[in-house]
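Quick notes on the structure that follows.
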Amino acid sequence: MVEHTGGEFVREMMQWHFSPETGSPFWLKRAGTLGFDPLTDVKDFDDLRLFPNVVDELRDVGVHELIPRGYGDGHGAAVYESGGTTGQPKRVMYAAEWQRRSVEWFSERLDSHGVPRNVDWLSAVPSGPHNVGAMAADTALSRGGVNFFIDLDPRWVKKLLAQGRTDVAGAYTDHLIEQVGYILAGQDVGVLFATPPLLERLAHHDDLVELVNRKVRAIIWGGTHMDADTRDLLRDEVFPDATFVGGYGGTMMLGTSVERPGLGRDEPCVFDSFAPYTTFRVVDPDTGEVVPYGERGQVLTHHMSRTALLVNNLERDYATRIAPVDGGFGDAVADVTPVASFGDTTVIEGVY
Amino acid sequence: MLSLDVLGPGGPYRSRRQETIRDLAGNPVATLSLAPSLYVTRAIKAMRRAPALPLDARVAAFARAARAFATQSVAGLTPEEYQHTVSTVTGIPISVVRHATDDIARAAEQIHRSVENARPAAAVGSWRDPRARDGAAVWTRRGEVFAVHAAGNHPAVHQGWLDALALGYRVAVRPSRREPFTPHRLVTALREAGFGDEGIALLSTDHDVADDILRHADFGMVYGGADVVGKYAGDARVLPQGPGRSKILITAETDWEPLVGTIVESISSGGGTGCVNATGILVEGDPSPVAAAIAERLAALPSLPPTDERAVLPVQPVGLARRWDGYLRQRAAGTKAWLGGDGVVDELGDGSAVLRPAVHQLDSPFAEQLGLELGFPCAWVAPWDRDAGLRPLRDTLVLTAVTTDAELIDALVAEPTIANVYVGDHPTPWMAHGLPHDGYLAEFLMRTKTVRCGVVPAAGVSGGPPGARCRSASAPSRSPARHR
């Protein structure tokens with residue numbers, strides 16, 4: 001995968017995914033119902049808007065259909081799934097080269113934040129079919145450390161919360177924290193990779209906070225959102241000695257974007273994607289137009305690599321549009337939040 | 001523009017996330033900091049670790065805070081500026097806000113009365129009391145931190161949590177985003193008067209984080225509608241404060257005509273926005289003349305902007321006022337309208353509207369509208385007879401019963417779901433400091449325990465760590481919830 005201008009890159013990707021020799025059975029079949037010819041009509045990033053959003057089709061498609069023929073038998077495919085709170089989860093296929101490339105890029109980002117190498121990791125992130133767990137293990141290993149996992153099933157927590165069973169969800173979280181506590185106490189952990197809810201929960205336990213502050217030199221967070229005020233508190237008051245690095249990723253992005261290094265204390269958390277493979281656009285949810293820099297809108301993601309073509313996917317998230325780093329593609333995003341908030345007042349009976 | 005910071009145990013905290021509070025015309029008046037969950041957790045933990053002030057110091061601090069609250073600049077606002085702000089944001093008439101200021105100050109000054117009145121007669125306040133040497137009931141807290149989800153319907157509602165602070169709890173107040181000014185001022189005054197940053201906190205949060213305050217505190221109190229009451233009904237640590245549904249009952253042997261002034265005052269005093277304002281009027285006999293008379297009196301109340309000295313009715317942004325109006329009309333379908341049947345919205349021309357009184361007559365004391373409480377003077381007049389009995393009178397914060405029937409009074413006083421009974425010509429909003437509003441909060445927050453302590457306490461220590469080893473007093477306090 002070579003880097004060049006956006007147009008060249010896009011055309012090269014179209015060639016790969018829509019040539020009978022290299023494309024996946026899924027896309028080669030799907031090309032017939034697109035209503036345009038990706039090989040001639042899609043010349044640059046803006047043309048990606050021609051594509052339909054196919055992520056829902058990933059719930060049923062046989063995963064072998066997603067493997068581009070160009071890889072031959074050496075694809076080294078791994079299958080990862082979306083959060084999947086209801087029904088069939090969406091499945092994506094990572095060829096081995098994409099996982100390796102993602103780990104390399106992630107690791108370079110960590111270097112630019114000063115995250116130490118040759119230390120062991122504790123990863124309190126979703127495991128099982130979720131890619132973030134594999135990223136943690138592979139990145140730790142590539143940086144000269146070993147990775148300690150805990151078992152974490154995010155779907156069970158989401159199911160409990162959806163049913164309003166917060167007490168059971170709390171008990172499950174306590175169970176996770178207990179696992180984290182054993183590793184923190186018994187092992188020399190230098191990097192802690194965790195979801196924001198688990199970091200918050202960890203912060204309730206003075207003994208564990210003390211252990212983290214004594215041992216951990218960098219905290220990587222991701223998997224769910226972290227609001228700016230909570231980030232300030234965790235970074236400045238709870239874990240003041242650790243370097244914080246945030247990630248914003250998703251199964252349909254095939255990877256994560258990473259906090260931009262060198263941001264000031266008062267700047268919002270800006271995420272840069274692994275461009276040109278994964279790019280963001282921040283769009284007006286009503287018109288679909290790209291919003292001006294500094295304005296908020298809904299996050300649209302494109303993923304294009306040899307491993308997959310998943311473009312024009314409107315995420316549920318909202319973010320502030322930020323200029324990409326020099327020469328970058330698409331947008332950077334900041335202050336990512338799950339949904340826009342609405343301030344309508346409704347009549348509530350009673351005087352309170 | 002005012003900045004209303006979170007007031008936590010580490011001092012004021014200004015979040016990145018800010019909510020804009022606007023006046024009735026939509027102009028921004030203040031920004032409110034909103035604490036994230038993690039802040040709340042840490043704040044309550046720090047408050048739990050903080051020692052309680054001794055009782056005498058608490059009472060003295062209340063007196064100082066009362067003076068500051070009512071007469072001095074607090075958080076940069078004079079009392080007049082504060083009152084004007086509350087009135088322009090909430091639409092509560094300025095005279096009502098002013099009266100509430102004095103009321104809160106008096107409640108704070110006289111806080112010792114409700115604490116003393118609530119204590120079981122034979123219980124002593126401390127293990128140091130000489131009566132504990134041979135064994136005595138000692139009145140003690142059941143926990144350390146009390147949380148309140150405060151209401152914003154009326155400033156005086158903040159009297160409701162003062163007892164908890166007076167009893168030695170550390171108190172975390174989550175203000176209503178409709179009216180955070182009163183709790184911000186009151187909490188600031190109490191902190192400066194001696195409770196300090198760890199003794200009392202203002203933890204403004206958005207809806208998602210609100211429950212965390214209750215979860216981490218030992219006990220809590222929540223104001224809200226029937227939904228809120230239902231939500232916390234199974235939680236023994238939370239005391240829900242639901243709709244007041246206050247009522248007036250007039251029995252047949254009573255001449256109702258001299259009572260019209262009291263009824264009108266019960267419905268409309270304080271702008272009619274309180275839980276103590278009457279919503280149900282039950283008349284033994286024909287209710288029509290009563291409805292006609294109160295409708296006539298209420299119709300004469302003027303429509304004025306809330307900051308006008310003569311204003312007596314609440315004002316809301318037009319859009320919200322119309323939604324209230326639509327809701328009222330929908331619920332009033334099939335009843336007889338004496339007042340407000342063709343709408344209660346009276347626009348003032350600046351984007352706001354007065355909510356005018358409504359009086360409707362119901363066919364039956366069992367009509368569901370009888371308990372329908374809205375944020376403006378709104379009364380439902382219904383017939384009542386002995387066959388109907390107590391059922392329509394249940395679930396009532398204040399019941400004024402104008403009757404001479406001692407057996408009926410017995411039954412009303414005995415009825416567990418009626419919180420207060422005023423017999424005779426007394427308006428439902430009547431309250432006196434030192435008397436319970438919905439029981440004493442202490443009934444929920446305190447317990448007695450037998451202490452027999454034959455050691456002589458070290459001199460000069462009062463309320464601090466005991467100088468002598470005495471197990472009952474030095475046992476670590478724990479959240480009672482953990483024992484359940």
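What you see is a predicted model, and the numbers here were worked out from it, not measured in a lab. Proteins come first, then strands; the chains are lettered A, B, ... in the order of their sequence lines, and each starts at number 1.
Donor-acceptor pairing under 3.5 Å is lacking for the side chains of B/Asp212 and B/Tyr39. Between the side chains of B/Tyr223 and B/Asn153, no donor-acceptor pair is found at a separation under 3.5 Å. B/Thr31 and B/Glu19 share no side-chain donor-acceptor pair at under 3.5 Å.
Every residue two or more places apart in sequence or in another chain was checked for a side chain to side chain donor-acceptor pair (under 3.5 Å) with B/Gln369, and none qualifies.
The two residues B/Arg329 and B/Gly343 come nearest to each other via the heavy atoms NH2-CA, 3.8 Å. Minimum heavy-atom separation, B/Ala321 to B/Val345: O-CG2, 3.5 Å.
Heavy atoms closer than 4.5 Å to chain A are found in both the backbone and the side chain of B/Ser37. With a 4.5 Å cut-off on non-hydrogen atoms, B/Thr41 touches chain A through its side chain but not through its backbone. Contact annotation for B/Arg42: only side-chain heavy atoms (C-beta onward) come within less than 4.5 Å of a heavy atom of chain A.
At a heavy-atom separation below 4.5 angstrom, chain B is approached by A/Asp227, A/Ala228, A/Asp229, A/Thr230, A/Asp232, A/Leu233, A/Leu234, A/Arg235, A/Glu237, A/Val238 within residues 222-238 of chain A.
Interface check for chain B: of the options A/Asp206, A/Asp335, A/Thr166, the most heavy-atom pairs under 4.5 Å are formed by A/Asp206.
Here the CG atom belonging to B/Leu38 is positioned 9.5 Å from the CG atom belonging to A/Leu199, to the nearest 0.5 angstrom.
A side-chain donor-acceptor contact under 3.5 Å links B/Arg245 to the backbone of B/Gly371.
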